[in-house]
A.B. asks: 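Below is a structure I'd like to ask you about.
Keep in mind that the numbers below use all heavy atoms, side chains included, and drop hydrogens, waters and symmetry copies.
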There are 2 protein chains.
Amino acid sequence: MTTITFERADSWIATPPSSQSESFLNAVLVVRRIVAEHHDRPSLVSRVACEVGAEIIENIRQSGEDLSSVELAERYETSRTPIREALLLLEKEGLVRIPQRRRPHVAVLDIAEVREIYRVRAVLFGAVASDAATLRTEEDMEALRDLLARLSAAHDAHDLSAYLWANVEFYNRLTIAARNATAKRILDSLLLRTLRLRRLSLSQPTRREKSMAHHIQIMNALEEQDAPLADVLIRSNHLHALAVLEQIYAEGGVPSPTRSRRRRRQAATAAEEE
Amino acid sequence: MTTITFERADSWIATPPSSQSESFLNAVLVVRRIVAEHHDRPSLVSRVACEVGAEIIENIRQSGEDLSSVELAERYETSRTPIREALLLLEKEGLVRIPQRRRPHVAVLDIAEVREIYRVRAVLFGAVASDAATLRTEEDMEALRDLLARLSAAHDAHDLSAYLWANVEFYNRLTIAARNATAKRILDSLLLRTLRLRRLSLSQPTRREKSMAHHIQIMNALEEQDAPLADVLIRSNHLHALAVLEQIYAEGGVPSPTRSRRRRRQAATAAEEE
DNA sequence: GTCGAGAATTATGTCGACATACCTGCATCC
DNA sequence: GGATGCAGGTATGTCGACATAATTCTCGAC
């Protein structure tokens with residue numbers, strides 16, 4: 001349980017330790033909503049999938065890191081069969097890669113894939129927002145207004161973590177309003193893949209300002225049921241977010257994959273010393 | 001190995017028995033391309049997944065039919081573990097549903113889901129075709145011209161099965177030309193889900209004529225690198241195909257889910273009698 | 001004759017074990 | 001000194017078995 005906090009150059013608060021685990025809890029909930037969609041009851045498999053998935057999107061497990069089934073089986077005090085299944089669930093969501101006869105590992109997100117994902121998201125989310133603007137009920141709007149308020153509060157309080165998760169919830173509610181479960185599933189999956197990078201993307205102060213302004217615009221488009229505007233706004237925002245990420249990747253802001261062997265060794269020796 | 005052929009009201013040839021199994025082989029290949037993407041080597045799991053998947057899209061296994069893991073394990077002379085994993089792969093592609101602690105079964109495609117899928121496909125495929133029109137190489141065009149010729153030949157020969165598979169290949173080549181693997185994966189998965197219905201949709205003579213004309217138009221748009229036109233054409237075609245399916249569903253042209261219990265019983269007794 | 005509760009049966013989820021393929025470290029060779 | 005091949009160790013894929021939940025069958029009541 002690390003208590004290290006990072007002082008940031010800008011005025012936003014450093015994430016306090018308690019909020020660290022709160023963010024992790026949010027991550028677990030989001031992962032559960034997406035990967036364990038039909039595993040409604042808390043089964044062993046879904047628990048493992050949710051926790052490991054959350055560790056990935058919270059960058060506790062880094063890109064390329066090995067996910068040995070025996071190691072995980074020991075940690076969760078179970079056999080390798082449920083672990084295997086949990087990893088398959090995560091592979092389905094693109095968080096994990098499982099090559100044949102090789103160790104499963106955390107999927108590596110290179111810029112080419114990020115580009116692809118954001119382009120698909122831009123198009124699909126645009127269409128979904130367009131539908132949402134048309135089909136939205138008053139109940140949808142109330143929920144979205146609440147979330148916009150939460151977003152705004154987090155923005156004013158300069159709380160990055162709170163802003164991030166409110167953002168996720170806002171988009172979630174928006175996709176629900178479009179009433180297309182298939183589209184929602186795809187968007188959720190794509191979101192999950194890039195959730196690891198969200199902190200990077202929104203770490204720039206100007207990006208945060210733009211994001212907040214963007215959400216207000218979206219909300220207006222929804223209030224006025226202006227479907228084409230909602231479409232364009234969403235697409236524009238996604239392509240802009242992609243541009244930011246392209247820049248961060250170009251500057252080497254994304255750590256390269258860990259040499260997994262090392263980490264495994266460390267884990268092994270740690271276990272021996274216990 | 002059934003040899004029953006259906007005489008159709010229109011002039012298209014009844015599918016001969018040999019072509020039945022040829023169609024099944026095509027189905028296996030398409031399923032392999034999509035579900036066993038990274039299972040390059042012929043492993044046990046991918047073999048089962050491909051065959052069962054092909055049986056589903058060829059309507060050999062009907063909507064809602066049970067897929068008992070013990071039954072499949074016996075049939076493929078293996079244990080239940082690989083079967084389980086194969087079914088998970090198929091669930092990932094939406095062909096199979098695996099409720100907790102209940103028997104896995106062939107996913108049921110109701111009209112609401114078909115509607116969702118076609119709408120997502122329309123939007124996403126439109127964007128992909130648009131990209132393809134821009135990014136296409138001469139190599140892409142040659143492959144597409146060949147496929148258009150195959151399509152045309154099948155159309156002239158009134159061979160429904162050949163037309164269907166050439167159609168699938170055409171779309172496959174088109175998505176490759178757009179050079180977005182993420183979009184391609186999603187479109188492939190969506191295609192797989194509705195492949196069961198393709199025969200229905202294209203069984204109408206007028207629909208086939210329109211489809212053929214549509215492909216020629218698409219090809220022209222690609223030749224002239226007219227991205228917006230490609231987008232609109234694809235979207236229009238998909239929404240039209242959806243309208244046809246809506247009508248077929250409304251007329252009850254889609255058989256309702258089989259009572260799975262009965263089928264299982266039959267299989268069990270057949271095994272005993274051997 | 002139909003419906004409902006309980007027993008018997010069956011299938012699933014999980015487990016521990018084994019064979020095989022892979023990874024790692026070391027010795028050898030160029 | 002760096003690359004290559006081999007041997008030991010280790011993780012994976014698969015298996016058969018068991019506990020438990022779900023389904024089916026049976027019997028009885030209304």
Side-chain angles (χ1 to χ4, degrees), chain A residues 36 38-50 52 64-91 96-106 257-272, chain B residues 36 38-50 52 64-91 96-106 257-272:
Chain A
H38 298 295
H39 284 243
D40 21 334
R41 267 180 301 186
S43 83
L44 194 50
V45 170
S46 75
R47 199 173 76 89
V48 175
C50 291
V52 175
E65 185 178 330
D66 276 0
L67 294 166
S68 157
S69 59
V70 290
E71 199 183 311
L72 288 169
E74 278 173 24
R75 179 170 145 195
Y76 287 99
E77 292 176 349
T78 174
S79 76
R80 277 172 41 238
T81 312
I83 300 291
R84 202 177 155 68
E85 194 169 320
L87 291 177
L88 281 169
L89 279 181
L90 292 175
E91 192 194 30
V96 167
R97 285 292 322 269
I98 310 180
Q100 283 196 324
R101 273 272 171 199
R102 271 183 196 76
R103 230 167 264 122
H105 54 86
V106 178
T258 55
R259 290 257 53 81
S260 48
R261 204 182 326 142
R262 182 66 55 88
R263 288 192 67 89
R264 246 181 56 245
R265 278 288 164 184
Q266 285 180 347
T269 40
E272 280 170 23
Chain B
H38 298 295
H39 285 242
D40 21 332
R41 266 180 304 186
S43 82
L44 195 51
V45 170
S46 74
R47 199 174 76 89
V48 175
C50 291
V52 174
E65 184 178 331
D66 275 359
L67 294 166
S68 158
S69 59
V70 291
E71 198 183 312
L72 288 169
E74 281 174 22
R75 180 171 143 191
Y76 288 99
E77 293 177 348
T78 175
S79 77
R80 276 171 43 237
T81 311
I83 300 291
R84 201 176 156 70
E85 193 169 320
L87 291 177
L88 282 168
L89 279 181
L90 292 175
E91 192 194 30
V96 166
R97 284 291 322 269
I98 310 180
Q100 283 196 325
R101 275 271 171 202
R102 271 183 195 77
R103 233 168 262 125
H105 55 85
V106 178
T258 55
R259 290 256 54 81
S260 48
R261 202 183 327 141
R262 181 66 56 89
R263 288 192 67 90
R264 248 182 51 247
R265 276 289 164 187
Q266 286 180 345
T269 40
E272 280 171 24

A.B. asks: For a quick test of reading the model: is some side-chain N or O of A:S69 closer than 4.0 Å to OP1 or OP2 of D:dT12?
C.D. replies: yes
A.B. asks: Does OP1 or OP2 of C:dC15 have a side-chain N or O of A:T78 closer than 4.0 Å?
C.D. replies: yes
A.B. asks: Using the test side chain to side chain donor-acceptor pair (under 3.5 Å), find all partners of B:T78 that sit at least two apart in sequence or belong to another chain.
C.D. replies: none
A.B. asks: Looking only at N and O atoms, is any donor in the side chain of A:R103 or the base of D:dT12 less than 3.5 Å from an acceptor on the other one?
C.D. replies: no
A.B. asks: Between P on D:dT12 and CG on A:L67, what's the gap in Å once rounded to a whole number?
C.D. replies: 10 Å
A.B. asks: Any luck finding a side-chain donor-acceptor pair between A:S69 and A:R84 under 3.5 Å?
C.D. replies: no
A.B. asks: Working to the nearest 0.5 Å, report the span between CG of A:L72 and CG of A:L67.
C.D. replies: 6.0 Å
A.B. asks: Starting at atom CG of B:D66, determine the distance to atom C1' of C:dA11, rounded to an integer number of angstrom.
C.D. replies: 11 Å
A.B. asks: How many whole angstroms separate atom CD1 of B:I83 from atom C1' of D:dG13?
C.D. replies: 14 Å
A.B. asks: Please report, rounded to the nearest Å, how far the P atom of C:dG13 is from the CG atom of A:L89.
C.D. replies: 12 Å
A.B. asks: Measure from CZ on A:R84 to P on D:dT12 and round the result to the nearest Å.
C.D. replies: 9 Å
A.B. asks: Taking the axis from the first five pairs and the axis from the last five, what angle separates them in the helix from C:dG1-D:dC30 to C:dC30-D:dG1, rounded to 10 degrees?
C.D. replies: 30°
A.B. asks: Can you measure from CG (A:L88) to CG (B:L89) and round to the nearest 0.5 angstrom?
C.D. replies: 7.0 Å
A.B. asks: Can you tell me if the side-chain N/O atoms of B:T81 get under 4.0 Å from OP1 or OP2 in D:dT14?
C.D. replies: no
A.B. asks: Closest approach to the side chain of A:R101, judged atom by atom: which nucleotide of D:dA11, D:dT14, C:dA11 is it?
C.D. replies: D:dA11
A.B. asks: Tell me the interatomic distance from B:Y76, atom OH, to D:dT14, atom C1', rounded to whole angstroms.
C.D. replies: 18 Å
A.B. asks: Rounded to the Å, how far apart are B:R102 CZ and D:dT24 C1'?
C.D. replies: 15 Å
A.B. asks: Quick one: does any side-chain atom of B:E85 pair with a main-chain N or O of B:V45 as donor and acceptor, under 3.5 Å?
C.D. replies: no
A.B. asks: Taking atom CG of A:L44 and atom CD of A:E77, what is their separation to the nearest 0.5 Å?
C.D. replies: 10.5 Å
A.B. asks: A:R97: which residues meet the side chain to side chain donor-acceptor pair (under 3.5 Å) condition with it, sequence neighbours left out?
C.D. replies: none
A.B. asks: With hydrogens left out and only the distance checked, is there a donor-acceptor pair under 3.5 Å joining A:R80's side chain and the base of D:dG13?
C.D. replies: yes
A.B. asks: What is the distance from CD of B:E85 to P of C:dT12, rounded to the nearest Å?
C.D. replies: 16 Å
A.B. asks: Taking the minimum atom-to-atom distance to the side chain of B:V70, which one of D:dA11, C:dT12, C:dT14 wins?
C.D. replies: C:dT12
A.B. asks: Can you tell which of D:dT14, C:dC15, D:dT12 lies closest to the side chain of B:V45?
C.D. replies: D:dT14
